[in-house]
Amino acid sequence: MQSTLQIYNTLTRKKENFEPLSPPHVGMYVCGPTVYGDAHLGHARAAITFDIVFRYLMHLGYKVRYVRNITDVGHLENDTDELGEDKIAKKARLDQLEPMEVVQLFVNRYHKNMEQLNVLPPSIEPTASGHVIEQIEYVKEILKNGYAYEKEGSVYFDVVRYNEDYNYGKLSGRKVEDLLQNTRELAGQEDKKNSFDFALWKKADPKHIMRWPSPWSDGYPGWHMECSAMGAKYLGEQFDIHGGGLDLLFPHHESEIAQVNAAKGHEAVKYWMHNNMITIDGQKMGKSLNNFITLNEFFSGDHEALDQAYDPMVIRFFMLQAHYRSTLDFSNEALKAAEKGMNKLFEAYKLLDQIQESSSSVDIKKYHDLCFDALNDDFNTPIALAHLFDLSRIINQVNDGKKSFTKENITIAKKLFETLLFSVFGLRDEKGKDDSHLIDYLMETILDIRKQAKENKDYATADKIREELEKLNIQIKDSKEGSNWLFK
RNA sequence: GGUACCGUGGCCGAGCGGCUAGGCACUGGUCUGCAAAACCAGCUACAGCGGUUCGAAUCCGCUCGGUACCUCCA
């Protein structure tokens, strides 16, 4: 009995049945990285969360167009001494690089990290800088409809005016009246009618390198503009899913909703999805807090907070063991636990090729249904994994001769592991992948020698072989039938 | 100050009113020349105080503690 997919919609704060606007097509837009530094665990979580959504929707047979942008125009810095300077421009000046050189460098590094994490590339990966014209057109529409005003070459969104016709704050649960009371004085905002009005177009000061001509000034688009413009361009005026990190809920996504209503008179997004944050020692990680560990540091182990290097797949598995809407606290202990758990699943999967068929069977279908029910329940990967662990125990029991599988059982179990672990969860068992024939032959020989040593009661030699292989992360497993081995 | 959210056993982490989550760690056992792996068994918790209910980790209230957003960030 397979349920239908339900997605938690931030807009309604409820799980809703997933019904695409025009099946079998699904349009999904996810806020991608601002490329002025290396990707960290937080980027990985967002990417992996929506990679799972992307993969699972495809598994269900949908034709998904997945758009994930690259923010390469940068956002306004709020540092008082760097007033109005674009993040990317700032980094460029510090490094004596062209802005687009910085962008290219970190885009390349981001792509490499994503590949390591086995995150599928999106269908379209548009850049903000490549869509300035679309953004200008979008600003014009909002101006024309009277929801924005121009001041000193910049264009601002008029939140109070908008709120007369629509509801600003519906996504994040904020009220304009509260925002009004909560006015703060921020430097450089004299041009705005209200502090919470946001820029649609910003005039560039003379030092600002990244700039484009527009009807209002030489400048650059405001920071919520790109997603509205590019979402509309590639997914249409209405599309199914918009995703991103919870930190983007306000003001970014709230403002996107406002922009769309202001320009088009209706909303664009049916399901809003937000992944939760990663914490380190219970505290969020963030660029400004300087407590983030980059993915490259995880993969190399080169960071004082790390006990060891972690395989990209361990990071991926670690994320899947928590629900995407929960915060996930990082620790070496948790990561090591994930590493062991993941290997346990891989080993159980491999055993399926070795176990003997029999006539008596086990109810495997049950695990299949439980796993997919979990995924259908707002992508509950930790529950699905729990069921796979249960199935792994059964496979091991079969291998130990305590239970038995029919041929059909084995087929179903293999299919389930392949679909979930590799296809939907995007995990891959990479250990010992290269030179596997050579390694297999060498290991066969070595194990043969060890077997003879054991027959001669030469345990010193047998143990020596085992210990030396241990150093190469090769583990010997002895049993009555002979010896086996695996990469730890 | 405003707005959201969270507090589960040694650690991570599910849970959405009744039924063992799961992983890791630990303890005992089976197996093994020994070890590892695997299997079996054990440890079995829901911040505190009230309330609703036949029954609450799960709903309501209060208290305490923590986090995020409101300013760039996944």
Side-chain angles (χ1 to χ4, degrees), chain A residues 10 13 15 30-34 36-37 39-50 71 74-79 86-87 169 172-175 177-179 181-182 184 186 195-196 223 243-252 254 274-279 282-289 292 317-318 321-323 325-342 344-345 347-348 351 374 377 380-390 392-393 395-397 399-403 454 457 459 462-463 466-467 470 475-480 484 486 488:
Chain A
T10 311
R13 315 243 164 209
K15 287 179 195 169
V30 173
C31 293
T34 305
Y36 67 105
H40 55 68
L41 264 195
H43 293 104
R45 186 161 202 201
I48 289 168
T49 296
F50 293 102
T71 298
H75 298 165
L76 283 173
E77 293 257 24
N78 198 43
D79 306 350
D86 183 292
K87 255 183 187 170
S172 58
R174 258 157 255 256
K175 292 187 176 66
E177 304 85 76
D178 295 339
L179 291 170
Q181 289 180 339
N182 192 25
R184 305 205 270 172
L186 291 169
S195 63
F196 45 77
W223 38 287
L246 199 56
D247 52 338
L248 296 176
L249 187 65
F250 189 91
H252 186 57
E254 192 69 62
H274 292 92
N275 63 279
N276 216 316
M277 306 287 102
I278 298 274
T279 55
Q283 222 195 358
K284 81 151 186 168
M285 38 184 279
K287 305 209 160 164
S288 50
L289 292 175
F292 64 92
F317 190 84
F318 174 62
Q321 277 198 299
H323 187 85
R325 282 192 287 113
S326 301
T327 54
L328 174 58
D329 197 45
F330 154 83
S331 70
N332 280 287
E333 206 179 349
L335 233 36
K336 286 176 196 170
E339 184 171 36
K340 289 198 176 184
M342 180 178 73
K344 192 172 180 172
L345 291 182
E347 290 310 313
L351 274 179
D377 184 12
N380 199 327
T381 54
I383 294 286
L385 281 174
H387 293 306
L388 281 188
F389 276 114
D390 286 341
S392 292
R393 176 174 293 115
I395 292 169
N396 283 320
Q397 286 170 338
N399 186 241
D400 285 0
K402 290 177 175 158
K403 282 196 171 75
K454 281 170 72 176
K457 306 265 184 223
Y459 295 121
D463 288 350
R466 189 172 62 203
E467 283 158 22
E470 196 85 19
Q475 187 169 73
I476 305 267
K477 302 204 300 191
D478 289 340
S479 69
K480 277 182 204 154
N484 228 322
L486 61 105
K488 281 201 289 189

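To find a chain, count down the sequence lines: A is the first, B the second, and so on, and within it residues start at 1.
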Expressed in whole Å, how much space separates the C1' atoms belonging to G29(B) and G10(B)? 23 Å
Please find the pair of heavy atoms, one from L248(A) and one from C31(A), that lie closest to each other, and give the distance. CD1-CB, 3.6 Å
Distance below 4.0 Å between N380(A) side-chain N/O and G15(B) OP1 or OP2: yes
Heavy atoms only: give me the nearest R45(A)-H323(A) pair and the separation to one decimal. NH2-O, 2.8 Å
Could you say whether R13(A) or R325(A) is positioned toward the 5' end of RNA chain B, judged by the nucleotide with the nearest heavy atom to each? R13(A)
For G48(B) versus G65(B), give the span between their C1' atoms, rounded off to a whole number of Å. 10 Å
Expressed in whole Å, how much space separates the P atoms belonging to U30(B) and A36(B)? 14 Å
Provide the distance between the two C1' atoms, one in G55(B) and one in G18(B), to the nearest whole Å. 6 Å
Distance check, P atoms only: U53(B) and C60(B), in whole angstrom units. 16 Å
Assign the ring pair W223(A) / H252(A) to parallel, tilted or perpendicular, where the plane angle (0 to 90°) is split at 30° and 60°. parallel
Rounded to whole Å, CG of N275(A) lies from P of C73(B) at a distance of 14 Å
On a whole-Å scale, what distance lies between the P atoms belonging to U3(B) and A74(B)? 27 Å
Say we look at A56(B) and U8(B): how far apart would their C1' atoms be, to the nearest angstrom? 14 Å
With rounding to whole Å, what would you report as the distance between A21(B) and G15(B) at their P atoms? 13 Å
Can you tell me if the side-chain N/O atoms of T279(A) get under 4.0 Å from OP1 or OP2 in U67(B)? no
Proximity to the side chain of P382(A) - top-ranked nucleotide from G33(B), U71(B), G13(B): G13(B)
Answer yes or no: does a side-chain N or O of K344(A) lie under 4.0 Å from OP1 or OP2 of G22(B)? no
Would you tell me whether N276(A) and S326(A) have side-chain atoms, one donor and one acceptor, within less than 3.5 Å of each other? no
